[in-house]
Each structure stands twice: as C-alpha cells, then as structure tokens.
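Written out below as structure tokens is the structure these notes cover.
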Amino acid sequence: MYDHYSGALYGVILRIVQSKEYTEEIIQDVFVKIWNSIHQYDSSKGRFYTWMINIARNTAIDYLKSKSFQNELKNQPLPDFVYNSAELSTTNNSSDFIGFSNVLESLETDKKELIDLAYYQGYTQNEISEKLKIPLGTVKTKMRNALMKLKDLLKDYQ
C-alpha cells in the first residue's frame with residue numbers, strides 16, 4: 001500500500017505544510033491512521049484513494065493547527081524560517097504527483113481561491129467568509145459550485 005500511494009499522499013501533504021521535514025513525519029502518521037481505521041472505509045461512499053487523500057489532508061491541516069507546530073514556528077529563527085519558506089514553496093510543481101495543479105488552473109480565479117483556502121490552507125467556511133468579507137451563504141454556494149466544476153473536470157482522470 002505504501003509503495004502504491006505514498007507518492008501521491010506525500011504531494012498532498014507537502015502542498016499543505018510546505019516542509020519536507022514535517023511532511024515525512026505526517027506521512028507516517030497518515031499510514032498509521034489508515035492502518036488503524038481501515039475497517040471504517042466504506043466503498044459505497046467513494047474510492048479508497050479518495051478516502052486516503054482525505055485522511056492525509058485532514059492530518060496535515062490538524063498538524064498545522066496544533067499548538068506544538070505553532071509554537072515551533074514562533075521559536076524558529078527568522079532567517080531560517082524565510083529560507084525554508086522560499087525553498088519549500090509550492091509554486092514549484094515537484095510536489096504535484098497527481099497533476100492536480102493543471103486541473104486547478106482551469107478553474108476560475110474565485111473558485112480556485114476557495115479550493116485553496118479550504119483544502120490546502122484548512123480554512124473553515126466561516127473563516128473563509130470572514131477572510132474574504134462575503135456572506136457565509138455566498139461562500140457555501142460558491143464552494144458547492146467550485147466543487148461541482150472540479151468534479152466535472154476530474155471525470156477525465158478516472
């Protein structure tokens with residue numbers, strides 16, 4: 001399982017945490033979670049790969065929101081922090097193991113922004129509403145439209 005899926009999961013996690021060191025730590029946690037909760041997978045609800053991607057994404061977001069990670073960022077010397085952020089930026093496509101960035105690029109800018117905030121930066125719909133200064137109902141509608149468009153674009157990849 002690790003040989004087949006680790007590359008794609010690594011790419012998703014790296015895109016979120018933007019650090020190779022943290023990604024390697026998180027990917028171990030992800031496979032332990034998958035192993036311990038395999039009985040919860042329900043094939044009628046979706047593909048196994050999608051289920052694993054969601055576990056990886058949620059684990060990475062939880063890690064970013066954890067107090068220990070936040071404290072570590074505060075205690076990191078500024079020059080190292082700046083260097084690491086630039087070096088590990090997700091603007092390079094080396095972390096895109098599944099070609100997802102090309103699919104995202106075909107979305108309109110507002111839809112792409114919502115997907116990025118929710119799935120890569122871990123914002124809730126309430127937080128997106130506050131950040132973009134638009135009503136929560138509008139965020140929900142736009143997010144639904146963005147996901148429907150994304151689903152339509154991904155039909156070619158199945």
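How far OG1 of T138 is from NZ of K140: 11.0 Å, rounded to the nearest 0.5 Å. Atom CD of residue E25 and atom OG1 of residue T23 lie 10.0 Å apart, to the nearest 0.5 angstrom. To the nearest 0.5 Å, atoms NZ (K142) and CZ (R144) are separated by 16.0 Å.
In this structure the side chain of M52 never reaches within 4.5 angstrom of the side chain of Y41, judged on heavy atoms. Looking at V17 and I61, their side chains never come closer than 4.5 Å, going by heavy atoms from C-beta outward. L132 places a side-chain heavy atom less than 4.5 Å from the side chain of L117. With a 4.5 Å cut-off on side-chain heavy atoms, S43 and W51 do not count as touching.
A donor-acceptor pair shorter than 3.5 Å can be found between the side chains of S44 and D42.
Counting only distance, with no hydrogens or angles, the side chain of Y49 and the backbone of A8 share no donor-acceptor pair below 3.5 Å. Judged by distance alone, the side chain of S129 and the main-chain N or O of I134 form a donor-acceptor pair under 3.5 Å. At distances below 3.5 Å, not a single donor-acceptor pair connects side-chain atoms of D152 with backbone N or O atoms of M148. Between the side chain of T124 and the main chain of E127, a donor-acceptor pair closer than 3.5 Å is present. The closest donor-acceptor contact from the side chain of S6 to the backbone of Y2 lies under 3.5 Å.
Checking each of L14, L9, T59 against I26 for a side-chain contact (heavy atoms from CB on, under 4.5 Å) leaves exactly one that passes, namely T59.
Classified by interplanar angle (parallel below 30°, tilted 30° to 60°, perpendicular above 60°), the ring pair Y5/F48 is perpendicular.
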| said: Assess the residue pair D116 and R15 against the criterion (side chain to side chain contact (heavy atoms under 4.5 Å, CB included)); give the C-alpha distance rounded to whole Å, side-chain angles, the decisive distance to 0.1 Å, and a yes or no. | reply: CA-CA 10 Å; D116 182 63; R15 167 78 188 223; 3.3 Å; yes

| query | Do I115 and L147 pass the side chain to side chain contact (heavy atoms under 4.5 Å, CB included) test, and can you show the C-alpha distance, the side-chain angles, and the key distance before you say yes or no? | reply | CA-CA 8 Å; I115 298 289; L147 291 174; 3.6 Å; yes

| field | Pair E113-I128, side chain to side chain contact (heavy atoms under 4.5 Å, CB included): steps then yes or no | value | CA-CA 10 Å; E113 181 180 28; I128 292 171; over 6 Å; no

| said: With side chain to side chain contact (heavy atoms under 4.5 Å, CB included) as the criterion, how do Y10 and K20 come out once you've worked through the C-alpha distance, each side chain's angles and the decisive distance to 0.1 Å? | reply: CA-CA 9 Å; Y10 186 91; K20 291 179 183 178; 3.8 Å; yes

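The two atoms that bring R57 and A118 nearest to each other are NH1-O, 3.8 Å, heavy atoms only. Contact between S37 and I55 at its shortest, heavy atoms only, is OG-CD1, 4.3 Å. I16 and A60 make their closest contact through CG2-CB, 3.9 Å (heavy atoms, listed as atom of the first residue, atom of the second, distance). Taking all atoms of both residues into account, the shortest heavy-atom contact from V139 to Q125 is CG1-O, 3.9 Å.
With sequence neighbours excluded, the residues forming a salt bridge (Lys or Arg N to Asp or Glu O under 4.0 Å) with K111 are E108, listed by chain and number.
For K112, the NZ atom is densely surrounded, since the number of other residues' heavy atoms within 6.0 Å is greater than 12.
In terms of hydrophobic clustering, with Ile, Leu, Val, Met, Phe, Trp and Tyr side chains grouped at heavy-atom distances under 4.5 Å, Y22 and V32 are assigned to different clusters.
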